[in-house]
Peer 1: 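This is the structure I have questions about; it appears just below.
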Amino acid sequence: MNAPSSGGWSELPVDILRYVLELLSFFDFHRAKMVCLNWYLCSKQTLRPKFRYPLVMLCPEEGGCRLYNPEEDRVYKSDLSGYQLLGNSGKWFLVVDSKSDLYIVDVFSSDDRILLPRLETLKGGTHEIQRVGENDFKENLIRRGTAFAWGHHTSKDLRGLVWVDDKNEDYVVVWRVSTCQYLGFCKKGDAHYGEITLGTDVVRRELRGGDDIVLKGYNLYLLSSRRYIRHLDLSGQDGGIKDASVYHKFPMSIPIADERVMNAYKPISVGNNIVVPTSGEPLFLYTRVDEPTSGRPRFFRLYKRDAKDLDPGTIDTWLVEVDSLGDEALFFDLGITVPADHTLGIEPNSIYFTRNDRRRFSHTKRLTPCIDVCVYNLATKNIKRFASLSNLKINDAMWFLPS
């Protein structure tokens with residue numbers, strides 16, 4: 001019996017092809033749809049297998065993208081290439097190409113993508129973006145109708161976050177250029193970006209700056225330069241922004257005794273970040289890697305505000321260390337916690353980590369990005385790394401939860 005030709009495989013009846021596709025595993029399904037146009041079109045009409053285990057998107061130094069499945073300890077080729085990764089929400093990734101154009105892309109089908117407004121559509125603030133040639137752009141500061149050159153940039157100077165609603169695919173995008181004092185944002189249906197100012201007199205002094213940012217739904221959280229948290233509600237119509245910040249008398253300060261212990265060795269990489277849990281106020285996360293001679297590996301410290309901070313009679317207060325996340329897991333790239341689930345491979349009381357500068361730029365050379373794909377257990381202080389990644393040279397990596 002002769003094997004069918006490749007043309008015959010591409011011409012299988014739709015009913016038979018759909019039946020075959022429905023029998024495939026999650027990863028085989030997504031690889032099969034790339035066989036030919038007919039298989040791809042049929043996959044659109046087929047019930048996709050569900051997969052909610054945590055995955056890692058990798059960007060090797062050699063180029064392209066790879067998809068890593070920790071459950072199998074296996075690396076797959078991804079058709080998501082030619083982009084720089086900025087952020088993710090479920091299967092949707094916020095990416096930027098070499099021409100500094102932003103997209104929201106389905107990580108399992110790069111043909112499913114949303115072209116976002118161009119950077120130069122930024123409106124409503126004191127800055128403007130202008131294109132310089134085909135790939136670069138520059139910032140201008142607007143003062144009394146006059147534009148002053150502020151900085152020259154490429155796509156590598158962008159940081160960004162995205163949130164996508166799984167039910168109706170509404171979305172919010174927030175981006176930042178280098179260490180600028182503003183953010184650009186848009187929502188589904190917007191033809192331009194609005195501006196969120198970070199450092200002018202419009203913002204209360206203790207809330208100015210943006211050392212870290214987290215996007216959860218329509219809620220944007222910013223860690224100010226003075227260690228306070230600014231909370232903005234972006235759900236308003238026509239670009240309306242509501243300040244939902246909680247007033248605190250004191251900044252989020254780590255206890256002095258803890259700082260002395262942490263500073264006993266010279267650091268290679270340091271991160272100060274905020275975490276938005278499933279409920280309650282944001283937490284403060286400190287991560288650090290010291291020079292090899294210290295003998296101290298990467299470690300994390302998680303803190304919350306002392307309840308006394310809201311007491312009018314309190315004269316001073318420090319953060320209180322959090323020993324456990326309970327039945328939740330923290331995804332550092334997203335800045336949020338999610339319910340743990342052993343059946344889905346989401347380990348409780350754990351931190352899923354890749355790098356400490358995902359959402360911000362370092363103001364000093366002290367904060368060197370260190371790619372370290374790992375899972376840290378808060379209770380045991382143990383770090384789990386993955387054998388298949390040990391010899392892979394990686395430029396970037398990002399945990400995500402497929403939806």
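What you see is a predicted model; the values in this text were computed from it and never measured.
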Peer 1: Count the heavy atoms of every other residue, nucleotide or ligand shown that sit under 6.0 Å from NZ of K304, and state whether that count exceeds 12.
Peer 2: no
Peer 1: What verdict does the side chain to side chain contact (heavy atoms under 4.5 Å, CB included) test give for N263 and R288, after you've listed the backbone C-alpha separation in whole Å, the side-chain angles of each residue and the deciding distance to 0.1 Å?
Peer 2: CA-CA 10 Å; N263 294 326; R288 178 182 177 118; 3.1 Å; yes
Peer 1: Measure the OG-OH distance between S253 and Y303 for me, rounded to the nearest 0.5 Å.
Peer 2: 11.5 Å
Peer 1: Could you tell me if the side chain of T354 sits less than 4.5 Å from the side chain of F332, heavy atoms only?
Peer 2: no
Peer 1: Between R131 and D101, is there a salt bridge with N-O shorter than 4.0 Å?
Peer 2: yes
Peer 1: Nearest 0.5 angstrom please: I371 CD1 to L392 CG, how far?
Peer 2: 11.5 Å
Peer 1: Looking at F331 and I346, what are the two nearest heavy atoms and their distance?
Peer 2: CE1-CG2, 4.2 Å
Peer 1: Looking only at side chains, do S388 and D73 share a donor and an acceptor under 3.5 Å apart?
Peer 2: yes
Peer 1: Got a sec: does the CD of E61 have more than 12 other heavy atoms crowding it under 6.0 Å?
Peer 2: yes
Peer 1: More than 12 heavy atoms of other residues, nucleotides or ligands under 6.0 Å from NZ of K99: yes or no?
Peer 2: no
Peer 1: Which pairs count as side chain to side chain donor-acceptor pair (under 3.5 Å) when at least one residue sits in residues 217-228, sequence neighbours excluded?
Peer 2: N219-H231
Peer 1: Of all heavy-atom pairs between Y193 and P117, which one has the smallest distance, and what is that distance?
Peer 2: OH-O, 2.8 Å
Peer 1: Could you tell me if the side chain of H342 sits less than 4.5 Å from the side chain of P348, heavy atoms only?
Peer 2: yes
Peer 1: Does the side chain of N88 reach to within under 4.5 Å of the side chain of M57, using non-hydrogen atoms?
Peer 2: no
Peer 1: Any chance CG of D327 has more than 12 other-residue heavy atoms, nucleotides or ligands included, within less than 6.0 Å?
Peer 2: no
Peer 1: I'd like to check I351 versus L285 (side-chain heavy atoms, cut-off strictly below 4.5 Å). Are they in contact?
Peer 2: yes
Peer 1: With side chain to side chain contact (heavy atoms under 4.5 Å, CB included) as the test, would you mind laying out the steps for L183 and L220 before giving the verdict?
Peer 2: CA-CA 11 Å; L183 304 174; L220 182 67; 3.9 Å; yes
Peer 1: In terms of relative ring orientation, are Y376 and F300 parallel, tilted or perpendicular, with 30° and 60° separating the classes?
Peer 2: tilted
Peer 1: Work out which heavy atom in F353 is nearest to a heavy atom in R355; give both atom names and the distance.
Peer 2: CZ-C, 3.5 Å
Peer 1: Could you check whether atom NZ of K216 has more than 12 heavy atoms from other residues, nucleotides or ligands sitting under 6.0 Å from it?
Peer 2: yes
Peer 1: Please list, chain by chain and in numerical order, all residues satisfying salt bridge (charged side-chain N to carboxylate O under 4.0 Å, His left out) with D333, sequence neighbours excluded.
Peer 2: R358
Peer 1: Once you round to the nearest 0.5 Å, how far does CZ of F185 lie from CG of L161?
Peer 2: 13.5 Å
Peer 1: Please report the interatomic distance CG(L94) to CG(L86), rounded to the nearest 0.5 Å.
Peer 2: 4.5 Å
Peer 1: Using the side-chain hydrogen bond (donor to acceptor under 3.5 Å, both in side chains) rule, take D258 and Y286 through it: C-alpha gap first, then chi angles, then the decisive distance, then the call.
Peer 2: CA-CA 11 Å; D258 287 10; Y286 179 89; over 6 Å; no
Peer 1: When rounded to the nearest 0.5 angstrom, what is the spacing between CD1 in I196 and CZ in R230?
Peer 2: 7.0 Å
Peer 1: Could you tell me whether Y265 atom OH has more than 12 heavy atoms of other residues or ligands within 6.0 Å of it?
Peer 2: no
Peer 1: Of the non-hydrogen atoms in L198 and C180, which two are nearest, and what is the gap between them?
Peer 2: CD1-O, 4.0 Å
Peer 1: For D309, check salt bridge (charged side-chain N to carboxylate O under 4.0 Å, His left out) against everything at least two apart and list the hits.
Peer 2: R305
Peer 1: Under a 4.5 Å cut-off applied to non-hydrogen side-chain atoms, are I129 and H127 in contact?
Peer 2: no
Peer 1: Strictly distance-based, threshold 3.5 Å: is any side-chain N or O of R208 a donor or acceptor partner for the main-chain N or O of V203?
Peer 2: yes
Peer 1: Looking at K308, I'd like to know if its NZ atom is crowded, meaning that more than 12 non-hydrogen atoms belonging to other residues, nucleotides or ligands lie closer than 6.0 Å.
Peer 2: no
Peer 1: Apply ring pair (Phe, Tyr, Trp, His ring centres under 6.0 Å) to residues Y171 and W92 and explain how you reach the verdict.
Peer 2: CA-CA 10 Å; Y171 61 80; W92 298 99; 9.1 Å; no
Peer 1: Start with the C-alpha distance between R385 and D372, add both sets of side-chain angles, then the distance that settles salt bridge (Lys or Arg N to Asp or Glu O under 4.0 Å), and finish with yes or no.
Peer 2: CA-CA 8 Å; R385 295 186 173 89; D372 186 7; 2.8 Å; yes
Peer 1: Can you find a pair of side-chain heavy atoms, one from L334 and one from Y352, that are under 4.5 Å apart?
Peer 2: no
Peer 1: So, N377 versus E347: side-chain donor-acceptor pair below 3.5 Å or not?
Peer 2: no
Peer 1: Treating D212 as the side-chain partner and L223 as the backbone partner, does any N or O pair qualify as donor plus acceptor under 3.5 Å?
Peer 2: no
Peer 1: Does any non-hydrogen side-chain atom of N356 lie less than 4.5 Å from one of V270?
Peer 2: no
Peer 1: So, K249 side chain and T317 main chain: donor-acceptor pair closer than 3.5 Å or not?
Peer 2: no
Peer 1: Taking the side chain as everything from C-beta on, heavy atoms only, tell me whether F137 gets closer than 4.5 Å to R118.
Peer 2: no
Peer 1: Is it true that, when you exclude K381 itself, more than 12 heavy atoms of the residues, nucleotides or ligands shown sit nearer than 6.0 Å to its NZ?
Peer 2: yes
Peer 1: Would you name the heavy atoms of G125 and E195 that are closest together and state the gap between them?
Peer 2: CA-OE1, 3.3 Å
Peer 1: Do the ring planes of F108 and F400 sit parallel (below 30°), tilted (30 to 60°) or perpendicular (above 60°)?
Peer 2: tilted
Peer 1: Test side chain to side chain contact (heavy atoms under 4.5 Å, CB included) on L401 and W399 and set out the steps.
Peer 2: CA-CA 7 Å; L401 291 167; W399 283 100; over 6 Å; no
Peer 1: How long is the gap from CE on M252 to CG on D306, to the nearest 0.5 Å?
Peer 2: 11.5 Å
Peer 1: Closest approach of A397 and V373, non-hydrogen atoms and distance?
Peer 2: CB-CG2, 3.7 Å
Peer 1: Could you walk me through whether T154 and N135 pass side chain to side chain contact (heavy atoms under 4.5 Å, CB included), step by step?
Peer 2: CA-CA 7 Å; T154 69; N135 301 329; over 6 Å; no
Peer 1: Would you find a donor on one side and an acceptor on the other, under 3.5 Å apart, between the side chain of R176 and the backbone of G210?
Peer 2: yes
